Amino acid sequence: MSKLGNAFGVNLDLVRIREFDYHGQTFRVRVPLTKEAEVMFARAEHPPKEEVDAKFKELSAPMYARKQDIVDSGADIKFEDNDIVVGDNSLRELAKNQIAGNIRILESFKLLVTPDGESLSSITYADISDEFPLPIQLSLVKKIAEIISPSYEEIRKN
């Protein structure tokens with residue numbers, strides 16, 4: 001136990017666990033410490049280059065396969081050294097944003113506490129996307145965010 005846990009006679013790990021209902025299911029969430037949250041945010045802000053490169057390759061492959069047709073069509077698409085720019089939008093930046101979003105979802109799901117106390121630290125985004133469609137992923141992430149950092153209105157109710 002920590003100093004505060006000993007002083008108050010409480011298990012602070014249990015105090016940090018909150019619950020919410022989602023379509024008839026109860027989910028438990030562990031509220032991260034400030035340092036943990038900072039690490040989570042840093043992971044999403046700076047996604048691994050290898051993952052961004054792989055996503056870029058996946059997104060750009062169909063365009064590279066039709067590169068000459070695209071160039072000949074006069075479309076507002078530019079093939080640069082290490083990027084494809086469609087209008088004003090970078091395909092590499094899109095890849096980075098998709099990976100960052102996947103990391104945010106993954107980090108949020110890792111905060112869930114299973115009924116048997118099993119750790120979710122080894123799950124991957126692929127595990128999540130196999131089980132939940134993107135709209136449900138985003139909805140659950142929103143609920144998790146509301147639980148770990150309630151808005152002013154929610155706090156004021158209490």
Side-chain angles (χ1 to χ4, degrees), residues 16-155:
R16 292 177 40 215
I17 294 178
R18 298 180 181 168
E19 294 182 353
F20 69 91
D21 288 325
Y22 183 80
H23 295 280
Q25 301 294 310
T26 300
F27 288 89
R28 297 174 57 212
V29 179
R30 180 181 53 82
V31 178
L33 298 171
T34 302
K35 289 179 183 179
E36 291 173 303
E38 289 171 356
V39 169
M40 288 170 48
F41 295 135
R43 281 190 202 120
E45 286 179 32
H46 307 289
K49 183 181 180 330
E50 319 76 57
E51 290 183 40
V52 173
D53 289 344
K55 178 55 85 172
F56 174 75
K57 186 175 182 179
E58 174 190 329
L59 294 173
S60 64
M63 296 180 87
Y64 279 120
R66 297 189 53 230
K67 181 178 179 178
Q68 195 56 52
D69 292 338
I70 292 170
V71 170
D72 291 345
S73 74
D76 191 12
I77 300 173
K78 297 177 202 111
F79 291 84
E80 297 181 351
D81 288 340
N82 198 19
D83 200 0
I84 298 175
V85 179
V86 179
D88 292 333
N89 300 310
S90 162
L91 203 57
R92 183 162 294 284
E93 192 63 28
L94 174 64
K96 180 181 176 187
N97 290 339
Q98 283 187 1
I99 295 300
N102 294 354
I103 291 171
R104 280 186 204 96
I105 291 168
L106 175 61
E107 293 299 327
S108 294
F109 271 67
K110 284 182 177 182
L111 294 174
L112 293 172
V113 177
T114 65
D116 61 1
E118 184 180 325
S119 172
L120 294 178
S121 63
S122 65
I123 65 169
T124 64
Y125 179 74
D127 296 331
I128 296 167
S129 66
D130 287 346
E131 298 285 331
F132 299 104
L134 184 59
I136 293 174
Q137 293 173 36
L138 296 175
S139 182
L140 281 168
V141 167
K142 181 179 178 189
K143 294 293 272 181
I144 291 167
E146 289 170 1
I147 289 295
I148 63 173
S149 57
S151 67
Y152 173 76
E153 290 81 19
E154 188 65 30
I155 292 170

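Keep in mind the model is a prediction, meaning the values are calculated, not measured.
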Sub-4.5 Å side-chain heavy-atom contact between [X] and [Y]:
X	Y	result
Ile123	Ile128	yes
Phe27	Ile147	no
Tyr22	Leu140	yes
Ser108	Ile148	no
Leu120	Leu111	no

Point to revise | Ile136 backbone acceptor or donor facing Ser139 side chain under 3.5 Å | key: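 No.
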Practice item. Output the distance between atom OG (Ser129) and atom CG (Asn102), rounded to the nearest 0.5 Å. Key: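 Answer rounded to 0.5 Å: 7.5 Å.
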**Study point:** Arg28 side, atom CZ; Leu112 side, atom CG - distance, nearest 0.5 Å
**Key:**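 The CZ atom of Arg28 sits 10.5 Å away from the CG atom of Leu112.
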Check your understanding: Can Asn89 and Leu94 be said to form a side chain to side chain contact (heavy atoms under 4.5 Å, CB included), step by step?
Key -> CA-CA 8 Å; Asn89 300 310; Leu94 174 64; over 6 Å; no
**Study point:** Summary of salt bridge (Lys or Arg N to Asp or Glu O under 4.0 Å) pairs that have at least one residue in residues 103-116, sequence neighbours excluded
**Key:**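 Qualifying pairs, neighbours excluded: Arg43-Glu107.
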Practice item. If a pair satisfies salt bridge (Lys or Arg N to Asp or Glu O under 4.0 Å) and one of its residues is in residues 126-141, list it, with sequence neighbours excluded. Key: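 Listed once each, the pairs would be none.
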With a 3.5 Å cut-off and sequence neighbours excluded, list the donor-acceptor pairs that the side chains of residues 58-68 form with protein atoms.
| unit_1 | atom_1 | unit_2 | atom_2 | d |
| --- | --- | --- | --- | --- |
| Glu58 | OE2 | Lys55 | NZ | 3.4 |
| Ser60 | OG | Phe56 | O | 2.7 |
| Gln68 | NE2 | Asp72 | OD1 | 2.9 |

Kindly list each side-chain donor-acceptor pair under 3.5 angstrom involving residues 29-42, sequence neighbours excluded, with atom names and distances?
| unit_1 | atom_1 | unit_2 | atom_2 | d |
| --- | --- | --- | --- | --- |
| Arg30 | NH1 | Glu36 | OE1 | 3.2 |
| Arg30 | NH1 | Glu36 | OE2 | 3.0 |
| Glu36 | OE1 | Arg16 | NH2 | 3.1 |
| Glu36 | OE1 | Leu33 | N | 2.6 |

Check your understanding: Of all heavy-atom pairs between Ile99 and Pro47, which one has the smallest distance, and what is that distance?
Key ->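 Looks like CG2-CB, 3.6 Å.
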Check your understanding: For Asp53, what residues pass the salt bridge (Lys or Arg N to Asp or Glu O under 4.0 Å) criterion, not counting sequence neighbours?
Key ->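 Checked Asp53 against salt bridge (Lys or Arg N to Asp or Glu O under 4.0 Å); matches are Lys49, Arg92.
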Check your understanding: Taking only residues two or more places apart in sequence, or in another chain, which ones meet Ser121 in a side chain to side chain donor-acceptor pair (under 3.5 Å)?
Key ->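 Result, side chain to side chain donor-acceptor pair (under 3.5 Å) vs Ser121: Ser119.
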